[in-house]
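Before any comments, here is the structure.
Computation of the quantities below employed the complete heavy-atom set of this structure, encompassing side-chain atoms and omitting hydrogens, waters and symmetry-equivalent molecules. Every chain is numbered from 1, with letters handed out A, B, ... down the list of sequences.
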Amino acid sequence: MSSLYHILKQQLVADLKILYPDVDASNVTLEQPKDASHGDFATNAAMVLTRLVGKPPRDVAADIKSKMEAWEQVESVDIAGPGFINLRIKPEAIYAQMHIIESDVVAFGSSKIGNGEKVMVEFCSANPTGPIHAGHMRGTIFGDVLSRILERTGYKVWREFLINDSGRQIRTLVNSVWLRYRELFGENVVIPDDAYPGDYVIEIAEKLKASDGDKWTKETDFEAVLLGLRAFCVDAMMGEIKKDLEGLKIAPFDEFYSEHKMQQTGLPEKIMGELREEGLVYDGTLPPPRGKIVDDYEPVELPLFKSSDFGDDSDRPVKNSRGDFTYFGADLAYHTDKLNRGFERLINVWGADHGGAVKRLTSALTAVTGNKKALEIKLMQMVRFVKDGKPVKMSKRAGNFVTLRQILDDVGPDAARFWFMNRKPETQFDFDLGKALEKNNENPVFYVQYAHTRMCSVFRQKEDMGLELDKDVDMSLLTHEKEQDLMKHLIMYPLHLEKAASAGEPHRLAAYAHDLAAGFHSWYDSVRFLDESDIKTTSARLQLVKTAREVLKDSLGLMGVSAPDKM
RNA sequence: GCGCCCAUAGCUCAGCUGGAUAGAGCACCUGCCUUCUAAGCAGGGGGUCGGGAGUUCGAGUCUUCCUGGGCGCGCCA
């Protein structure tokens, strides 16, 4: 806890506790005012507490002010407007922060709001029936960066990828591969409409031929083929998926969890039995589906989960009429197992096309935990892919979808990652494949990276000039407005990380990095850093450049974006 | 018909979980390179924050209704 923000926040909380012992001050914030003339920090404490304390805001502010004036880091305290308390920090306190940041930016940015809580982030979970396509990118990048931010803010993060390797899609995959495999041996096969059409299917077939020879051409029973080739096909697909994840610079998953294996252990049966004992699962008949006319509807008695008692609009079958678990049933078992594995908090990153399943699963989990909200689902709205202003339709069936690898080949991981995580998840947006191809500066990542290369370049130039800097740096020489602004922006880094973590919104980190780059670019153009005739000022400025570089590099690192020395 | 999400500059989007005078990029206009990378900087024009009502010291932000767009609505995955 070396950051000024953390220290001041702690002092504020402690003082409020003394002033108003019985009042809940959790809504009190310590922020950086937009307008610098309002001070370095501001708190809304007086206004938030006015009703709870039963005094006018400016009176509350006066109480708090008297406490704050005793803080050693504070130069002045002012009450403004409806009851804002504005703090001005002693310059020395800010200068001291620069050295702390530069010596260990990770420690500086870390916080304990996570309290060591075990949180599982499940994301990506692309079906192993084809390469990762562009539609998965948003959630995959989101989950990756969110995980990194949560780790930095004191959570114990577990990254999990659910391999959806049971169900009909796997039959289709195995069948598609098997047909292509037989085709390789000269058999005249007919590829049905529902088979996967991509070239990757042929590649797997070729691998199969290489490893097993003609063994599977003699087999006529598809069930036997499925049994024999399921693992081979899924493994081959997962190998490709893992390569894609690596290409996108996704931090390693802690576990790739196989749904098929889960089914085989009998875990879902066990969990359903327990739920049945608790009265949460019962046998019943559902009404016909609404909003759609179904010709072949017949009422059937199925095991149902009482999700309607927990906010869902209907009860949901956990098994289908063939006796297999439904997607919902398997998901329910899987998530119950997550809790049994000791995770206190579950975060799932899903695409908006799964939005309809959110309520039933969260409500089911609420039932299982006895009314604790353990599961949080982050929905990624759809990304519309456009080229030359026209939408590009993608379909796995037609085989014309844009793959993650294509985008990586075009723009590289840095641009792709920054582009996707720059935006908050609940808005849908257009990804222009034409612009992405151009690799121009419309992608803000170049702006941020360029700031970093400029910082590095200054030091290269300093070496070339043979400048010897002072060991004892006097930061008080940095009187320029841009320098003051930059320093104040740097000390707020931990606050922005905490907000990104607690809101579950990684894009805030991208915004912070962009602002930091802007502050630096602006400063860069207003003063010359390297001045042989004034080594003292040069030393102080380079100290600030070094500090800013540490923060910028660290924030880029958390986003999984590289910080190049040269561009 | 029902549920979830969205609507902010011409375009793409931020807006710090209710705070002080609503921001950035692109596009358009005007300036700044014989000194640290001009992939940059400084400035200008451009807004009824989709519309109405409400909540309170205070609303782009919360509630509600309306309009428009996206996603979904079997035992599929």
Side-chain angles (χ1 to χ4, degrees), chain A residues 27 29 31-35 37-38 42 44 47-48 50-51 56-57 80-84 86 127 129 164 166-169 286 288-292 294 296-297 300 302 312-314 316-322 324-331 351-359 379 381-382 384 389 422-430 432 435 440-444 446-447 449-451 453-462 464-465 492 495-496 499-500 502-503 505 507-508 510-512 514-515 517-518 520-531 541-542 545 566-567:
Chain A
N27 285 329
T29 60
E31 298 186 337
Q32 185 175 35
K34 280 179 224 163
D35 185 341
S37 70
H38 291 134
N44 60 355
M47 291 173 292
V48 169
T50 180
R51 219 166 312 163
F84 288 103
N86 295 331
N127 283 346
T129 54
N164 221 308
S166 69
R168 200 152 68 189
Q169 57 192 343
L286 284 177
R290 281 160 294 185
K292 217 181 183 180
V294 180
D296 58 348
Y297 172 78
V300 183
L302 294 169
D312 201 355
D313 50 359
S314 161
R316 303 289 171 179
V318 296
K319 281 189 175 180
N320 64 24
S321 45
R322 287 214 319 265
D324 296 333
F325 280 97
T326 61
Y327 188 79
F328 168 69
D331 240 6
D353 51 342
H354 289 69
V358 169
K359 197 173 256 182
L379 272 195
Q381 289 303 316
M382 295 287 117
R384 203 168 61 127
N422 198 21
R423 289 154 160 82
K424 61 181 173 194
E426 62 268 32
T427 51
Q428 53 167 206
F429 71 95
D430 293 349
D432 192 311
K435 280 181 184 169
N440 63 11
N441 59 348
E442 282 202 39
N443 192 317
F446 297 115
Y447 181 85
Q449 288 181 319
Y450 183 50
T453 64
R454 274 181 151 181
M455 292 167 182
C456 294
S457 173
V458 169
F459 282 96
R460 276 196 298 273
Q461 186 70 21
K462 182 218 111 188
D464 290 351
M465 289 167 72
M492 300 309 282
L495 168 68
H496 287 92
K499 295 217 172 197
S502 59
E505 294 182 347
H507 74 275
R508 295 189 192 200
Y512 175 82
H514 191 274
D515 285 349
F520 177 77
H521 283 311
S522 179
W523 178 41
Y524 182 96
D525 276 87
S526 25
V527 302
R528 188 172 164 76
F529 300 150
L530 301 169
D531 182 355
R541 283 182 172 151
L542 289 200
V545 174
K566 284 182 186 172
M567 281 173 78

Look at the side chain of [X] and decide which nucleotide, out of [options], has an atom nearest to it.
X: H514(A); options: rA24(B), rA20(B), rG40(B); answer: rA24(B)
X: L286(A); options: rC36(B), rA20(B), rC75(B); answer: rC75(B)
X: E426(A); options: rA20(B), rC6(B), rA77(B); answer: rC6(B)
X: T326(A); options: rA20(B), rC76(B), rG3(B); answer: rC76(B)
X: Y447(A); options: rA20(B), rU35(B), rC41(B); answer: rC41(B)
X: K499(A); options: rC71(B), rA7(B), rC16(B); answer: rC16(B)
X: E31(A); options: rA38(B), rC16(B), rA20(B); answer: rC16(B)
X: R423(A); options: rC13(B), rC75(B), rA77(B); answer: rC13(B)
X: Y327(A); options: rC36(B), rA77(B), rC71(B); answer: rA77(B)
X: L379(A); options: rC75(B), rC36(B), rC4(B); answer: rC4(B)

In whole Å, what is the span from the [atom1] atom of [X] to the [atom2] atom of [N]?
X: M455(A); N: rA39(B); atom1: CE; atom2: C1'; answer: 15 Å
X: R316(A); N: rG3(B); atom1: CZ; atom2: P; answer: 14 Å
X: E505(A); N: rC6(B); atom1: CD; atom2: C1'; answer: 14 Å
X: K566(A); N: rA39(B); atom1: NZ; atom2: P; answer: 16 Å
X: Q428(A); N: rU12(B); atom1: CD; atom2: C1'; answer: 13 Å
X: R508(A); N: rG23(B); atom1: CZ; atom2: P; answer: 19 Å
X: L495(A); N: rU17(B); atom1: CG; atom2: C1'; answer: 12 Å

[X] near the nucleic acid: base, sugar-phosphate alone, or nothing, with a heavy-atom cut-off under 4.0 Å?
X: H38(A); result: base
X: R168(A); result: sugar-phosphate
X: V545(A); result: nothing
X: H354(A); result: base
X: A510(A); result: nothing
X: A503(A); result: nothing
X: N164(A); result: sugar-phosphate
X: P317(A); result: sugar-phosphate
X: F328(A); result: nothing
X: N86(A); result: base
X: M492(A); result: nothing

Go ahead and name the base partner of [N]; Watson-Crick or wobble counts if both distances stay under 3.5 Å, otherwise write none.
N: rG72(B); result: rC2(B)
N: rU63(B); result: rA53(B)
N: rU35(B); result: none
N: rC28(B); result: rG44(B)

Considering just the side-chain nitrogens and oxygens of [X], establish if one lies under 4.0 Å of OP1 or OP2 belonging to [N].
X: H507(A); N: rG15(B); value: yes
X: T427(A); N: rA14(B); value: yes
X: K424(A); N: rG15(B); value: yes
X: R454(A); N: rA38(B); value: yes

In sequence, state the C-alpha distance, the side-chain angles, and the governing distance for E31(A) and K499(A), and then conclude on side-chain contact (heavy atoms from CB on, under 4.5 Å). CA-CA 11 Å; E31(A) 298 186 337; K499(A) 295 217 172 197; 3.3 Å; yes

Distance from [X] atom [atom1] to [Y] atom [atom2], nearest 0.5 Å?
X: Q381(A); Y: R423(A); atom1: CD; atom2: CZ; result: 14.5 Å
X: W523(A); Y: R541(A); atom1: CH2; atom2: CZ; result: 7.0 Å
X: Q461(A); Y: D464(A); atom1: CD; atom2: CG; result: 5.5 Å
X: D531(A); Y: M465(A); atom1: CG; atom2: CE; result: 8.0 Å
X: K359(A); Y: R316(A); atom1: NZ; atom2: CZ; result: 10.5 Å
X: T427(A); Y: H507(A); atom1: OG1; atom2: NE2; result: 8.0 Å

Suppose you measure atom [atom1] in [N] against the same atom in [M]; what distance do you get, rounded to whole Å?
N: rG19(B); M: rC26(B); atom1: P; value: 29 Å
N: rU64(B); M: rA27(B); atom1: P; value: 41 Å
N: rU8(B); M: rC49(B); atom1: C1'; value: 4 Å
N: rA9(B); M: rC4(B); atom1: C1'; value: 29 Å
N: rC62(B); M: rG18(B); atom1: P; value: 8 Å
N: rC76(B); M: rU56(B); atom1: C1'; value: 49 Å
N: rG43(B); M: rU67(B); atom1: P; value: 44 Å
N: rU34(B); M: rC28(B); atom1: C1'; value: 32 Å

Hey, can you tell me if F529(A) and Y524(A) have their rings parallel, tilted or perpendicular (30° and 60° cut-offs)? perpendicular

For the base of rC41(B), is there a side-chain donor-acceptor partner from S522(A) under 3.5 Å away? no

Ignoring hydrogens and angles, answer whether the base of rA24(B) and the side-chain atoms of N422(A) contain a donor-acceptor pair closer than 3.5 Å. no

Electrostatic pair R454(A):D525(A) at N-O distance under 4.0 angstrom: yes

Go through the structure and list residues passing salt bridge (Lys or Arg N to Asp or Glu O under 4.0 Å) with K462(A), not counting sequence neighbours. none

Does atom CZ (R460(A)) have a neighbourhood of more than 12 heavy atoms from anything else shown, all under 6.0 Å? yes

Please produce a list of atom pairs where a protein N or O lies less than 3.5 Å from an N or O of nucleotides 29-34 of chain B.
none

Hey, does F84(A) have a side-chain heavy atom less than 4.5 Å from the side chain of H38(A)? no

